[in-house]
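Convention: sequence-line order gives letters A, B, ...; per-chain numbering from 1.
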Protein chains: 2
Amino acid sequence: MVGFPLNATAASLLGFLHEGPMTGWDLVALAQRRIGNFWSLTQSQVYRELAAMAGAGLVEAGERGRRDRRPYAITAAGRDAFAAWIDQEPGSETIRFPLLLTVAFGRHLPPDRLAMFLARHRAVHAERLAGYERLQAEAAAAGNHADPFALATLAFGLAHERAVLGWFDGLPVVLGAEATQAADDPGVEG
Amino acid sequence: MVGFPLNATAASLLGFLHEGPMTGWDLVALAQRRIGNFWSLTQSQVYRELAAMAGAGLVEAGERGRRDRRPYAITAAGRDAFAAWIDQEPGSETIRFPLLLTVAFGRHLPPDRLAMFLARHRAVHAERLAGYERLQAEAAAAGNHADPFALATLAFGLAHERAVLGWFDGLPVVLGAEATQAADDPGVEG
DNA sequence: CGTTTCATGTAAGTCGTTACATGATTCC
DNA sequence: GGAATCATGTAACGACTTACATGAAACG
């Protein structure tokens, strides 16, 4: 008896609802904070999944509150569906990194323009890393009270951003400068 | 005038077609090798984008060859569209890492099960890293003939996979064993 | 001759993004 | 009163996946 087929995004919402009833708005904010690092979701998706799950009986909408806030609570069926979901082998990673496409086809771009793109993206990643480091410092200050699971996902963000910055810094200047000559080259294939 | 709106996947196909006419099949294989590392695409997408771009005049289908192979060649309009695409600021990175969702909600899983997931995924990443290292060794053996742009994207793959493995190895055994105080299980060990 | 691999394509459905519409509440 | 923010939702589209259908050629 397969229940309602949960996708990872919907399942995450159920995961959060274990902590208590929440509105779509709250869920968007919480997901951003807790899993936004490695899982993106939009407002639209959240409301859509909540509506679908309400239809399937996995969550229940409560009374509308102050600002039309409508809290959703997880049901017993929702807990079951979540438990079944999380017991499955997680799928494999998906990365889509448009900047790398630009680099891969970099011979078609003026070197200074590629250099500019690289510099701008590097700055974004540096800032993101700084944010993660602040979070880590806060967690350290809080002592043992931090959730080890949250720390583990934060550690991933740190490792990833450090790797990305290291990659930026290890890039040969070549890519942003030498390619002036390479632009004539028909491209070398191995 | 705005040309045909290119998405990154279609643009990549045009990028490859700069190297000469190719069939959908060839493009799938080539993309897998050259950008599969940070950009996924499926056969279906490739044929669809080729058909759409042919309709828009960005590529031209040639005569069907031996095995019904139909080569596509980039047109002048295609080169223009590609040039316009690559000149744009690349969008930001998207990562979707289901295993991290499992970790984030790890308190809802038996520790040994989480440990098993972690171990299996670690093995996949270790193998992928080994593959990248082989490619790097080959490139080094080939000397200066390697494309610096291809080397740069390979360097990203290496950096990323090393970071991921480092993350696995830095995870406290706690995550896989905490709840069961008796740690027969080495948890996540490489 | 039969199996595998090559090769092209369609169909159906899910997922995700963007943009918009609506209105309540707070804050100045 | 007016602007900003909170909050919910819809509409429309575009992107991606999975599964399937079809057949040619190579290989044994």
Handout entry: Any donor-acceptor N/O pair, Thr75(B) side chain to Leu58(B) backbone, under 3.5 Å
Key =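 Answer holds: yes.
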Take the protein atom [atom1] of [X] and the nucleotide atom [atom2] of [N], then report the distance between them rounded to whole Å.
X        : N       : atom1 : atom2 : value
Arg70(A) : dG23(C) : CZ    : C1'   : 14 Å
Asp26(A) : dG9(D)  : CG    : P     : 13 Å
Leu27(A) : dT8(D)  : CG    : C1'   : 13 Å
Leu6(B)  : dG14(D) : CG    : C1'   : 14 Å
Trp25(B) : dC6(C)  : CH2   : C1'   : 5 Å
Tyr72(A) : dA7(D)  : OH    : C1'   : 12 Å

Exercise for the section: Report the residue (Thr23(B) or Asn7(A)) whose heavy-atom-nearest nucleotide on DNA chain C is the more 5′ of the two. Expected result: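 Of the two residues, Thr23(B) wins.
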Practice task
Take Thr153(A) and Phe38(A) through the side-chain contact (heavy atoms from CB on, under 4.5 Å) test and state the conclusion after the steps.
Solution key: CA-CA 8 Å; Thr153(A) 59; Phe38(A) 52 85; 3.6 Å; yes
Exercise for the section: Can you sort out which residues in residues 37-56 of chain A have a heavy atom within less than 4.0 Å of DNA chain C? Ascending by number, please. Expected result: Thr42(A), Ser44(A), Gln45(A), Arg48(A)
Exercise for the section: For Glu93(A), look at atom CD and say whether over 12 heavy atoms of other residues, nucleotides or ligands are found less than 6.0 Å away. Expected result: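 More than 12 heavy atoms, drawn from other residues, nucleotides or ligands, come within 6.0 Å of this atom.
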Practice task
Indicate the atoms forming the closest heavy-atom contact of Ala11(A) with Trp85(A), along with that distance.
Solution key: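 In this case the closest contact between Ala11(A) and Trp85(A) is CB-CD2, 3.2 Å.
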Problem - ILVMFWY cluster, Leu129(A) and Leu154(A) together (side-chain gap under 4.5 Å) - result: yes
Problem - Positive for salt bridge (Lys or Arg N to Asp or Glu O under 4.0 Å) with Asp26(B), one of Arg69(B), Arg33(B), Arg34(B) - result: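 It is Arg69(B), the one option of Arg69(B), Arg33(B), Arg34(B) that forms the salt bridge (Lys or Arg N to Asp or Glu O under 4.0 Å) with Asp26(B).
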